[in-house]
Protein chains: 2
Amino acid sequence: MPGGRVRKAPTIVEIARDLGVSSSTVSRAFTAPRLLKPETVERIRAAAAERGYIPNVHARALSTGVPRTIGLIVPDIANPFFPPMIRAAQRVAEQSGHTVLIADTDGDVEREKRIIERLAAQSESLIIASSRLPSTELVELTDRRRVLFINRDEPDTARILVSARDALCRGVDRLLALGHRRFAYVGGPAGSWSEGERHGAVVEALQGTRALLRSLRIPSGTYEDTMAAGEQILLSGPTAVIAFDDVIAHGVIDLLHRRGISVPEQISVVGCDDTLALTTQPPLASIALRAVDAARLAVQIVSEGQVSEMLAPRRIALQGELVERATVGAAPETHCPGREAPM
Amino acid sequence: MPGGRVRKAPTIVEIARDLGVSSSTVSRAFTAPRLLKPETVERIRAAAAERGYIPNVHARALSTGVPRTIGLIVPDIANPFFPPMIRAAQRVAEQSGHTVLIADTDGDVEREKRIIERLAAQSESLIIASSRLPSTELVELTDRRRVLFINRDEPDTARILVSARDALCRGVDRLLALGHRRFAYVGGPAGSWSEGERHGAVVEALQGTRALLRSLRIPSGTYEDTMAAGEQILLSGPTAVIAFDDVIAHGVIDLLHRRGISVPEQISVVGCDDTLALTTQPPLASIALRAVDAARLAVQIVSEGQVSEMLAPRRIALQGELVERATVGAAPETHCPGREAPM
DNA sequence: CAGTGGCATGCAAACGTGTGCACGCCGGTT
DNA sequence: AACCGGCGTGCACACGTTTGCATGCCACTG
């Protein structure tokens, strides 16, 4: 029916009129049924269901003053790290009758600010992932709005960190136990909390050992640029490469293949995020992060408590887990300089 | 400030009071500035900006009766096909001052129905991608609501199709020109419009030629299950494999590697969606789809015209483009005639 | 039988914005 | 000088829902 008109949605007053009750009664049948006679509730709900009544969120938000909406801000929806989080957030939010509003900032600070203002005005809480905002603006924001950060470790704010630290330490320990003594860390874009944490974890785990570490970064974080950085990566003759994420690790593996270096016989590779799983050859050892748990928890935290109160500062770090696969193996005997001391 | 209170947002009446004008005037300064003296508009806008005023979307939606919201429903946010579309939709929507509400159905029909009802109630239009709803429900829906479908070809509805048809035909022609005569089509999940279109295109392109085609499907559509379907895929001894999407194509390539079959010397492979680009070895020939264009166009179409009127039925097919890469080559001379290696 | 208390429901105001209508003012025409 | 038209602004109501308070009814108690 091309020329047809959009059917107007039934409202509470229409149902009330048809049933000969007051609109308040209909309202209460949904929001405070215990105040009503059970039989009345039943009658109203039946009539509402029959007419396909759905409460108008705008009217409700306006009346109560609290929009049942949670804003979720991410740098880039198309980055495969975020969709599973978004999905998880949606699922738990809908259980408490909340709507999740998604927005992406494009990694641009100015845009992030605008988005935050716009979203804050229409949601009761904000969840901001991987914020690029300067610290001063963050704290100013947190005492005006209910906001929870993911992967941004700012003191005196509510935050959840999807951490790879413990797992990376275990990964390094494992590599040491396999005889590796020459490491390369191939980092990602500068400035993100994740890059700082991961690099820090590797450095720390190697502290006090006799092992060698060479670090570099692929600013773009792409597969292609990683392939192009061959010289840099192989410069120090590492036997183990730890990558900032799986995309970079994938680049490293293919780079090694291309140079005729076998994985893991000559060089072991460990990724992070565990997004590629079995799709590399050989299957990539990686660190599975608890991003989905973080999203769930985030929504849970912001939905509880009085919406008129700010969120209490807290720091929650969810530790990921090392998933060992075929890209990890013993260090090549021949490359190991004389001292093969057990730990 | 942990114990602090959420700052109340400034409203139109506060600004009006401070400036000694009526609230209508302030309202008009934003929605109908041409009715006001330019100087008044300027004064009000300055005061509003200074106080950080942002129009309350709920009040506005309630008052005008039109929520400036577009619902976008996809089967699965985490499916890499959709995030770029979501992103594109958001970008064009924000230019016309619309908010895009995302929801995913999990591929479940019951859930899809619930989501549609919920979203329809609070948005002025719906964009539904890859709907699994039965035809009868679709047409019933379209004469109650403003809804536009993506990748669902239902007559008498407004729809946009992200098509691979023409490009697939060209791809098959190209393979024929390269001497290929034995084809395999490895399909994806049944029931989707895309699967029907792609399989149909391949069948059609081979019609009237002397070439052989064997078709099968990987119902799960995963890399792992594709690897596991080796026997089925190689049964007819194809020299060219066309896959439903890049994930399956990736599985096929690695499967061939594992069996010592070289690509493209012995078998050529073509994917679809062009999501993996250069990350396979060798880089995968694929069909780049115009999903982003489709999303943009969809938002554009639903935002124009009177919101009280239904969308006019129309059918728009956006044709993708073949991107030829190293997995495509000439058919092997030796294998071409009768002899095939059983596995 | 009057008084009391509790339960079920109605009344009306409020949330913030948009908009049809009315009003006053000013410059120009008759 | 009376009139008119148009421009700029204010008044008041509407949108759909929630909620504090009032009201009526009933059963029970003294």
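Labels below follow one simple rule: chain letters A, B, ... track the order of the sequence lines, proteins then strands, and each chain is numbered from 1. Quantities reported herein were computed from a predicted structural model and do not represent experimental measurements.
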Student: Mind calculating the distance between CG (Leu35(B)) and P (dG8(D)) to the nearest angstrom?
Tutor: 9 Å
Student: Tell me: CG of Leu36(A) to C1' of dG6(C), nearest whole Å?
Tutor: 15 Å
Student: Is there a donor-acceptor pair under 3.5 Å between the side chain of Thr31(A) and the backbone N or O of Ser27(A)?
Tutor: yes
Student: Tell me if a side-chain donor or acceptor on Asn151(B) pairs with a main-chain N or O of Val162(B) at a distance below 3.5 Å.
Tutor: yes
Student: Quickly work out the Ile44(B) CD1 to dT17(C) C1' distance and round it to whole Å.
Tutor: 14 Å
Student: State, to the nearest 10°, the angle formed by the axis through the first five base pairs of the helix from dC1(C)-dG30(D) to dT30(C)-dA1(D) and the axis through its last five.
Tutor: 70°
Student: Give a yes/no on whether any side-chain N or O of Thr40(A) is located under 4.0 angstrom from OP1 or OP2 of dA8(C).
Tutor: no
Student: Any Lys/Arg nitrogen of Arg132(B) or Asp108(B) sitting under 4.0 Å from an Asp/Glu carboxylate oxygen of the other?
Tutor: no
Student: Contacts to DNA chain D from residues 18-31 of chain A, heavy-atom cutoff under 4.0 Å, which residues?
Tutor: Ser24(A), Ser27(A), Arg28(A), Thr31(A)
Student: May I ask you to say whether Glu154(A) pairs ionically with Arg315(A), meaning some side-chain N is under 4.0 Å from a carboxylate O?
Tutor: no
Student: Count the heavy atoms belonging to other residues, nucleotides or ligands that lie under 6.0 Å from CZ of Arg314(B), then report whether that count exceeds 12.
Tutor: no
Student: Grab the CG-P distance between Asn56(B) and dG16(C) for me, whole Å please.
Tutor: 7 Å
Student: What integer distance in Å separates Arg34(B):CZ from dG6(D):P?
Tutor: 15 Å
Student: Lys37(B): what forms a salt bridge (Lys or Arg N to Asp or Glu O under 4.0 Å) with it, not counting sequence neighbours?
Tutor: none
Student: In whole angstrom, what separates Lys37(A)'s NZ from dG24(D)'s P?
Tutor: 17 Å
Student: Which whole-number value in Å describes the distance from Glu39(A) CD to dC7(C) P?
Tutor: 18 Å
Student: Salt bridge check: are Glu14(B) and Lys8(B) linked by an N-O gap of less than 4.0 Å?
Tutor: yes
Student: Output yes when Glu117(B) and Arg144(B) qualify as a salt bridge under the 4.0 Å nitrogen-oxygen rule, no when they do not.
Tutor: yes
Student: Does CD belonging to Gln306(B) count more than 12 external heavy atoms closer than 6.0 Å?
Tutor: no
Student: When the distance from CZ of Arg17(B) to P of dC11(D) is rounded to whole Å, what number comes out?
Tutor: 15 Å
